[in-house]
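Note that the structure is a prediction, hence the values are computed from the model and not measured. Proteins come first, then strands; the chains are lettered A, B, ... in the order of their sequence lines, and each starts at number 1.
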Protein chains: 2
Amino acid sequence: MAKSYPMRSTESPQVTNEPSESQRAIQAQCIEIFVSAAAVLGVPRSIGEIYGVIFAAPRPLTFQEIVERLNLSKGSVSQGLRALRSLGAVRTAYVPGDRRDYFEPETELRNLVAGLLRDRINPHLEQAKDRLTRVQQQVTDGGGLNADEAVVLRARLAKLESWRKKSALFLPLITKVLG
Amino acid sequence: MAKSYPMRSTESPQVTNEPSESQRAIQAQCIEIFVSAAAVLGVPRSIGEIYGVIFAAPRPLTFQEIVERLNLSKGSVSQGLRALRSLGAVRTAYVPGDRRDYFEPETELRNLVAGLLRDRINPHLEQAKDRLTRVQQQVTDGGGLNADEAVVLRARLAKLESWRKKSALFLPLITKVLG
DNA sequence: AAGCTTGTTCATTTTTTTCTAAACAAGCTA
DNA sequence: TAGCTTGTTTAGAAAAAAATGAACAAGCTT
């Protein structure tokens, strides 16, 4: 299955050796863990696999190696890596004299969490803030709202506002604590 | 669109009045917010809609009302309500002399978060713990592992272990703080 | 028991998401 | 410039998730 692949030049010999059997086994287990984490986070399975294989590799991997070890298409890997880079979960490592990209994992939890907050949570909180303001307007104007009902609705929206505030306050704090 | 629906008896008159126009508008906005939250949390859209319509209603709603206001099938509503009850996000309210279930929202953030932790996060953390232990074994046994590589791998697994510990420590703490 | 109402289950359909593969771009090297 | 290698883009296929609707259960009421 694993295709042998050609060297590009004699002065930059290909150190891309195959992983040992036990390394492969360890890799597989790590991948399982991250695939399951991906499910919890609601991201595609392939993204978990890609992060997993990079995390479990003792040296940075090339694009091609990721494709081969995971049996994924180039397309999936390209997209997955883009997402992971945008989250700050993988970085490219420079290797002198090699045109290819090498990928290594971000291993600081706080940075990973910060990326998730930035890319997934905060945009939602922003949007929710706007929407909430607009609904609160409507309830205050309250044409045709029964008085009792208006009281309950106002209370509900106050709750929602308090959720939003607490989230905006505590979420960024988490990344601090994880230092 | 809204079907009129029959009373069941004269002694338990149907107070199930239609929501006013402004109430309907407010409801729609709330639903939008929760649908978007559902997307962030990676749960089905319909679950966001169902929680939204219950949250935005000034009184507990019946199963039938939820079906009608959202134009969802009974099947979807049944499944969605089951999930929401399991999370502790909606409760049934008892109404004397009425056989139907009435649903009202849990509005305490800490309880909602606690439900998510219990149902979604903790099971993953448990599983990860077992898996991690097993991989650590493998690396320690380390047949056929290059020494340099073994060092890096051990460090990686140590990181993973530290993530797990931090998560297990801080996540439950969050629900405390949200009091 | 027959006939309601209320809600659940589950096989099927629909919709959405994810993956693939082929075409393409960009940058080397010869 | 022709011919590599490396990686991206995207239309369409494949797979997975979600919604539907019809059959079913359970419990009233008469």
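- Rounded to a whole Å, the CG atom of A:Leu70 is 10 Å from the P atom of C:dT20.
- Comment: B:Arg59 does not engage B:Glu104 in a salt bridge, judged by the lack of any side-chain N to carboxylate O separation of less than 4.0 angstrom.
- For the residue pair B:Asp98 and B:Tyr94, no side-chain donor N or O sits within less than 3.5 Å of a side-chain acceptor on the partner.
- Listed by residue number, there are no residues of residues 28-46 of chain B with a heavy-atom contact under 4.0 Å to DNA chain C.
- Checking A:Glu68 against A:Gln64 by side-chain atom types alone, a donor-acceptor pair falls below 3.5 Å.
- Checked against D:dT8, D:dT10, D:dG21, the side chain of A:Gln79 finds its nearest nucleotide in D:dT10.
- Defined by atom type and a distance below 3.5 Å, a donor-acceptor pair is present between the side-chain atoms of B:Asp119 and B:Ser86.
- C:dT6 atom C1' lies 13 Å from atom CD of B:Glu68, rounded to whole Å.
- Rounded to an integer number of Å, the gap from CD of B:Glu49 to C1' of D:dA18 is 12 Å.
- Rounding to whole angstrom units, CG of residue B:Asn71 and P of D:dA18 are separated by 20 Å.
- More than 12 heavy atoms of other residues, nucleotides or ligands lie within 6.0 Å of CZ in B:Arg118, so this atom counts as buried by the packing criterion.
- Rounded to whole Å, the distance from CG on B:Asp98 to P on C:dC4 is 20 Å.
- OP1 or OP2 of C:dG27 has not a single side-chain nitrogen or oxygen of A:Arg100 nearer than 4.0 Å.
- Distance, A:Leu81 CG to D:dG7 P: 9 Å, rounded to whole Å.
- Counting only heavy atoms from C-beta on, A:Phe63 has its side chain closest to D:dT8 among D:dT8, C:dG27, C:dC19.
- The distance between atom CD1 of B:Ile66 and atom P of D:dA19, rounded to the nearest whole Å, is 15 Å.
- The pair B:Glu161-B:Arg164 meets the salt-bridge criterion, with a side-chain N (NZ, NE, NH1 or NH2) lying under 4.0 Å from an Asp/Glu carboxylate O.
- Each of A:Asp101 and A:Ser76 was assigned the nucleotide of DNA chain D with the nearest heavy atom; the assignment lying further toward the 5' end belongs to A:Asp101.
- Here B:Leu72 lies in heavy-atom contact (under 4.0 Å) with sugar-phosphate atoms only.
- Taking 3.5 Å as the limit, the base of D:dT5 and the side chain of A:Arg99 contain a donor-acceptor pair of atoms between them.
- The neighbour count for B:Arg120 CZ, taken as heavy atoms of other residues, nucleotides or ligands under 6.0 Å away, is above 12.
- Between the C1' atom of C:dG7 and the CZ atom of B:Arg82 lies a distance of 11 Å, rounded to the nearest Å.
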